[in-house]
J.: 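Dropping the structure in here first, questions after.
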2 protein chains.
Amino acid sequence: MQHSAKTMKDVALAAGVSVMTVSRAFKQDTSVSEATRARIRTIAEDLGYVFDSTAANLRTQKTNFVAVTIPSINNANFADTVGALSDRLAQAGMQVLLGHSGYDVAQEEVLVEQLLRRRPEAIVVTGGRHTERTRKMLLNAGIPVVETWDLPDDPIDHVVGFSNAATMAGMVDYLVGKGLSRLAFIGGDTDGDTRGADRRRGFVAAMQARNLDASRLIGAGKPPISMREGASAMGQLLNDFPDTQAVICVSDLSAFGALTECQRRGVRVPQDIAIAGFGAYEIAGISHPTITTINPHPRLIGTQTAELILQVLDAANTRLGPQRREIHWDLQGAESA
Amino acid sequence: MQHSAKTMKDVALAAGVSVMTVSRAFKQDTSVSEATRARIRTIAEDLGYVFDSTAANLRTQKTNFVAVTIPSINNANFADTVGALSDRLAQAGMQVLLGHSGYDVAQEEVLVEQLLRRRPEAIVVTGGRHTERTRKMLLNAGIPVVETWDLPDDPIDHVVGFSNAATMAGMVDYLVGKGLSRLAFIGGDTDGDTRGADRRRGFVAAMQARNLDASRLIGAGKPPISMREGASAMGQLLNDFPDTQAVICVSDLSAFGALTECQRRGVRVPQDIAIAGFGAYEIAGISHPTITTINPHPRLIGTQTAELILQVLDAANTRLGPQRREIHWDLQGAESA
DNA sequence: TATGTTTTGGTTACCGATAACACGAATGGT
DNA sequence: ACCATTCGTGTTATCGGTAACCAAAACATA
């Protein structure tokens with residue numbers, strides 16, 4: 001069964017034509033008669049020939065790869081973005097080369113280097129904070145770079161994202177507008193999750209701007225924060241700051257965990273304490289009560305990124321400058337706050 | 001900024017050595033002095049040179065790619081498997097090339113063809129049901145093939161999985177052991193999700209084997225079934241078969257949706273109706289009540305698959321036969337059933 | 001010092017496709 | 001019937017690395 005892999009040469013031989021003709025038969029290229037093309041295709045299929053992209057990539061200097069890094073593959077938000085990105089790029093015949101950095105910029109650096117070796121035609125990174133060397137590699141790569149899920153002050157190239165800090169300001173305003181002022185924040189206790197850290201900073205800044213106490217910060221463990229960690233953080237919050245009126249969690253997963261902890265303790269949500277999350281995960285819309293959250297439209301980030309890439313690659317000759325697409329997030333008021 | 005990409009030739013020129021020496025400096029190859037290797041590495045970094053795998057892959061006929069197809073990227077179970085697989089393979093310098101088929105075997109066929117063009121050194125597919133042409137392509141590929149998340153009767157090559165039907169038999173036994181006999185099943189209403197369909201068939205077979213009525217099957221929509229669809233299916237079940245004692249859902253997500261529907265209707269779980277899920281998603285362990293579920297150990301499937309691949313590739317000369325690793329699932333008895 | 005061995009680095013050909021160019025045959029307009 | 005296009009196909013060189021082979025230098029041993 002372990003055949004040596006067939007090449008175009010084998011097909012050419014079997015079809016009695018030159019290798020070049022076989023090559024042509026596998027493309028849109030009109031310079032082959034329909035008759036020979038069909039014949040070659042059939043022969044190729046019969047022989048079990050599979051086109052070798054590797055060789056074509058080298059010759060044409062085009063890989064049809066778009067590299068993508070995300071913090072974790074096991075996160076519905078990022079998965080949504082990658083899914084949408086991948087589907088849209090597939091329509092244009094491009095393939096996603098995915099890597100995950102484990103919420104670690106040092107790991108991201110290793111990953112970016114590995115991915116660039118594969119000569120992708122564009123690269124998408126999640127977030128706007130990177131090591132110095134990562135920045136340098138991305139700048140030198142000579143391909144479009146898109147930073148997503150963030151709105152960096154000093155972008156490397158293109159940006160498709162939103163301000164994590166602004167979402168927190170929006171949520172603080174929403175809660176304050178409901179007459180709640182003793183607010184807390186539950187998030188990771190390191191800056192490994194740079195977007196989570198941005199949200200925490202955004203919370204603190206928004207509170208201070210309104211002359212409110214911003215010291216109720218609960219560290220829930222190493223990012224990403226799970227439901228379970230959200231629950232234990234809520235336990236800690238209820239013990240340490242029993243008069244807290246509302247808590248913003250770094251994600252809906254921790255928010256749901258927090259909610260279950262309240263249920264276990266008989267604390268009513270939102271009457272005794274309001275809970276808000278982030279991400280508009282499906283659970284936010286179906287839990288009981290439903291969770292107030294921020295929808296950053298992950299799929300939209302994916303499609304917009306894909307379309308930006310296709311547009312930039314298409315206009316490569318026209319020298320299109322860095323593009324910036326801001327995604328408008330929504331605050332989904334629901335039952336929990 | 002749009003430099004033309006540097007090649008080894010540029011580095012060789014700058015370092016005053018031959019291209020071959022540069023090539024050697026980038027490998028374990030001992031036939032270069034440590035002094036020149038360090039010098040070349042430094043010069044390369046300064047020039048912003050990035051190694052081109054494409055060329056190396058063509059020459060060596062090795063890509064370090066392992067292709068993987070999953071039904072959906074947005075599924076915590078498959079994400080766990082891919083994450084574990086990817087991490088383990090990365091240790092061996094291999095990279096995962098991921099594609100998703102949208103729970104559609106025709107789409108899987110397209111995907112497999114695309115992936116094989118990239119000349120992966122092994123390919124992992126989820127499930128044991130494929131189109132005839134997919135089977136043929138995989139058989140002809142001349143690389144190790146691993147079918148996962150299933151235990152096919154007629155495997156293509158290697159297998160790392162478990163019997164979906166057996167898990168349902170186990171769950172039926174568990175529920176019957178609790179004195180419940182009027183059981184229902186909630187799942188997708190097409191066979192798009194082949195593993196889900198296997199579980200439904202397993203449920204029916206197990207019921208019939210125990211002389212129980214297996215007609216309480218609720219179709220919840222096109223796979224994958226969401227929490228929301230689980231909720232509406234539960235509504236339908238409560239209306240159509242009000243005396244049902246327990247329901248098995250095709251996944252924990254639909255089980256959780258079903259649970260929330262019960263909460264909305266004031267139906268007590270498990271006193272009025274017991275609910276069981278599948279997958280051991282995090283939510284099963286933290287919802288209130290916690291959900292009785294099957295843990296198929298998704299990460300274990302990933303690491304076992306990775307190790308099988310490394311072992312088989314390593315022993316390529318030794319002609320190792322098809323391997324079959326059965327993953328032992330656990331029934332996690334919890335509060336909901 | 002002479003000879004054998006190891007280390008280090010260079011030369012050439014090649015992986016499997018395709019761009020660029022070439023050329024004979026078919027087609028068309030007058 | 002003649003010359004200009006267009007069409008269909010072949011030939012050659014090439015993409016950027018590396019295997020295989022080779023040669024000079026460095027080192028070791030008698």
J.: Donor-acceptor pair, distance only, cut-off 3.5 Å: does the side chain of B:Asn57 make one with the backbone of B:Ser53?
T.: yes

J.: With sugar-phosphate meaning primed atoms plus P, OP1 and OP2, does A:Thr36 contact a base, only sugar-phosphate, or nothing at under 4.0 Å between heavy atoms?
T.: sugar-phosphate

J.: Whole-Å distance between D:dG10 C1' and A:Leu13 CG?
T.: 15 Å

J.: For A:Asn74 and A:Ser72, does a side-chain donor sit closer than 3.5 Å to a side-chain acceptor?
T.: no

J.: Describe the nucleic acid contact of B:Ser33 in one word from base, sugar-phosphate, nothing, applying a heavy-atom distance below 4.0 Å.
T.: sugar-phosphate

J.: Can you build the contact string for nucleotides 15-21 of chain C? Use B for base contact, S for sugar-phosphate-only contact, and - for no protein heavy atom under 4.0 Å.
T.: BBBBBBB

J.: On the 0 to 90° scale, with breaks at 30° and 60°, tag the B:Phe162-B:Trp149 ring pair as parallel, tilted or perpendicular.
T.: perpendicular

J.: Can you check the B:Asp10 CG to D:dG17 C1' distance for me, whole Å?
T.: 13 Å

J.: For B:Gln28 and D:dT18, what is the distance between atoms CD and C1' respectively, to the nearest whole Å?
T.: 15 Å

J.: Whole angstroms only, please: what is the CZ-P distance between A:Arg118 and D:dC15?
T.: 22 Å

J.: Is there a side-chain contact between A:Ser18 and the phosphate of D:dG10, meaning an N or O under 4.0 Å from OP1 or OP2?
T.: yes

J.: Is the closest side-chain donor-acceptor distance between A:Arg117 and A:Gln114 under 3.5 Å?
T.: no

J.: Can B:Glu147 and B:Arg135 be counted as an ion pair, charged N to O under 4.0 angstrom?
T.: no

J.: Give a yes or no answer on whether the side chain of B:Gln95 reaches the backbone of B:Phe65 with a donor-acceptor pair at less than 3.5 Å.
T.: no

